[in-house]
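Every heavy atom of this structure was used, including side-chain atoms; hydrogens, water molecules and symmetry mates were not.
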Amino acid sequence: MSSTNRGANRIGLDRYYTPDALAAALLAKTLPPIPVTVLEPHGGGGAFIRAAKASYHRVLAMDLDPGADLSGANACLTGTDYLTAPLPSSWGPEWVVGNPPYKDWEAHAEKALQDAPNVAFLLRLAALESRKRYAFWQRHPLARLIVLAERPAFTGQGTDSCAYGFFIWQRGHTGTFRGEILSWR
């Protein structure tokens, strides 16, 4: 997801991992205070898994990378592409959360909205832009957008050059979205 290495080769499988403090702050603002089943389909470094487990949620995880850190999940699938793999019928998440590969975030959001009634993805705010994405936003209007007051560091080499937000969809939502700003550090 990071744009810090613009013009250079991107890290394979878009391995730009969310900082633990950011994942914890985002889920604290997003998930309900009662236990729910949460799916992290791009487990990566495990930040969203750890944050959901800390709030006593049932956590399911998967990642295309067989070396991803899915250790805190109640159930997991490694080496599995979320876009092509069907979810096990017993999973039934109420929430899909995470930091999808930016290059296909729209496809990940479309699938997540089929798999769960609530979806929350960490994305660049630039995801809101472009004529190409207009049809997507008409089909899937946001319920909430939490804009990050501080830019995250995904590579350990300084903060990113882009602004980010936590994009939250609720199946069946129509109309406008509620926006807020989060200072997470």
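For the atom pair CD of Glu150 and CZ of Arg185, the computed distance is 6.0 Å after rounding to the nearest 0.5 Å. Annotation: the span from His140 atom NE2 to Thr174 atom OG1 amounts to 14.0 Å, rounded to 0.5 Å. In this structure, CZ in Arg178 is found 11.0 Å from CG in Leu145, a value given to the nearest 0.5 Å. The OH atom of Tyr102 sits 13.0 Å away from atom NE2 of His108, with the distance rounded to the nearest 0.5 Å. Taken to the nearest 0.5 Å, the OG1 atom of Thr84 stands 4.0 Å off from the CG atom of Asp81. Separation of atoms CG (Leu39) and CH2 (Trp91) is listed at 6.0 Å; rounding is to 0.5 Å.
Residue Pro93 is tested with Asn118, Leu87, Val38 for a side-chain contact (heavy atoms from CB on, under 4.5 Å); the sole match is Leu87. Just one residue in the list Asp115, Leu64, Leu77, Asp104 forms a side-chain contact (heavy atoms from CB on, under 4.5 Å) with Tyr82, and that residue is Asp115.
Taking both residues in full, the closest heavy atoms of Gly165 and Leu125 are given as N-CD2, 3.8 Å, listed atom of the first, atom of the second, then distance. Thr18 and Ala47 get closest at one heavy-atom pair: O-CB, 3.2 Å. Shown here for Pro141 and Trp169, the closest heavy-atom pair between the two residues is O-CD1, 3.6 Å. The shortest non-hydrogen separation linking Ile181 to Ala149 is CG2-CB, 3.8 Å. Annotation for Pro19 and Ala153: closest pair CG-O, 3.6 Å, computed over non-hydrogen atoms. Closest approach of Trp184 and Ala25 over heavy atoms only: CB-CB, 3.8 Å.
Formation of a donor-acceptor pair under 3.5 Å by the Thr80 side chain with backbone atoms of Thr78 is found in this model. Under a 3.5 Å cut-off, the side chain of Glu180 and the backbone N or O of Ile146 do not form any donor-acceptor pair. In terms of modelled atom types and a separation under 3.5 Å, the side chain of Arg171 and the main chain of Leu113 share a donor-acceptor contact. Judged by distance alone, with hydrogens and angles left aside, the side-chain atoms of Asn74 form no donor-acceptor pair with the main-chain N or O of Leu60 at under 3.5 Å.
Taking the six-membered ring for Trp and the full ring otherwise, Phe136 and Trp105 have centroids separated by under 6.0 Å. The distance between the ring centers of Phe177 and Phe167 does not fall below 6.0 angstrom.
Taking the ring axis of Phe166 as reference, the NZ or CZ atom of Lys29 does not stay both within 45° of it and closer than 6.0 Å to the ring centre. Geometrically, Arg151 does not engage Tyr164 in a cation-pi contact defined by less than 6.0 Å to the ring centre and at most 45° from the axis.
Linking Ile, Leu, Val, Met, Phe, Trp and Tyr whenever their side-chain heavy atoms come within less than 4.5 Å puts Val147 and Val119 in one cluster. Each of Phe48 and Tyr56 belongs to its own hydrophobic cluster when Ile, Leu, Val, Met, Phe, Trp and Tyr are linked at side-chain heavy-atom distances under 4.5 angstrom. Follow the hydrophobic side-chain contacts under 4.5 Å out from Phe154 and you reach Leu27 in the same cluster. Linking Ile, Leu, Val, Met, Phe, Trp and Tyr whenever their side-chain heavy atoms come within less than 4.5 Å leaves Val59 and Trp95 in two separate clusters. Cluster annotation: Val36 is not connected to Ile49 through the hydrophobic network of ILVMFWY side chains, with a link wherever side-chain heavy atoms come within less than 4.5 Å.
By the 4.5 Å heavy-atom criterion applied to side chains, Leu31 and Ser55 are not counted as neighbours.
Ring geometry for His42 versus Phe121: interplanar angle over 60°, hence perpendicular rather than tilted (30 to 60°).
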Query raised in the report: For Leu128 and Arg133, what are the C-alpha separation, side-chain angles and deciding distance, and is it a side chain to side chain contact (heavy atoms under 4.5 Å, CB included)?
Result: CA-CA 7 Å; Leu128 294 167; Arg133 293 188 184 117; over 6 Å; no

**Report entry** side chain to side chain contact (heavy atoms under 4.5 Å, CB included) between Asp63 and Asp69, worked out
**Finding:** CA-CA 9 Å; Asp63 200 295; Asp69 180 6; over 6 Å; no

Query - Worked verdict on Tyr17 versus Asn99 for side chain to side chain contact (heavy atoms under 4.5 Å, CB included) - result: CA-CA 8 Å; Tyr17 297 151; Asn99 175 355; over 6 Å; no

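By the side-chain hydrogen bond (donor to acceptor under 3.5 Å, both in side chains) test, His57 pairs with no residue at all, sequence neighbours left out.
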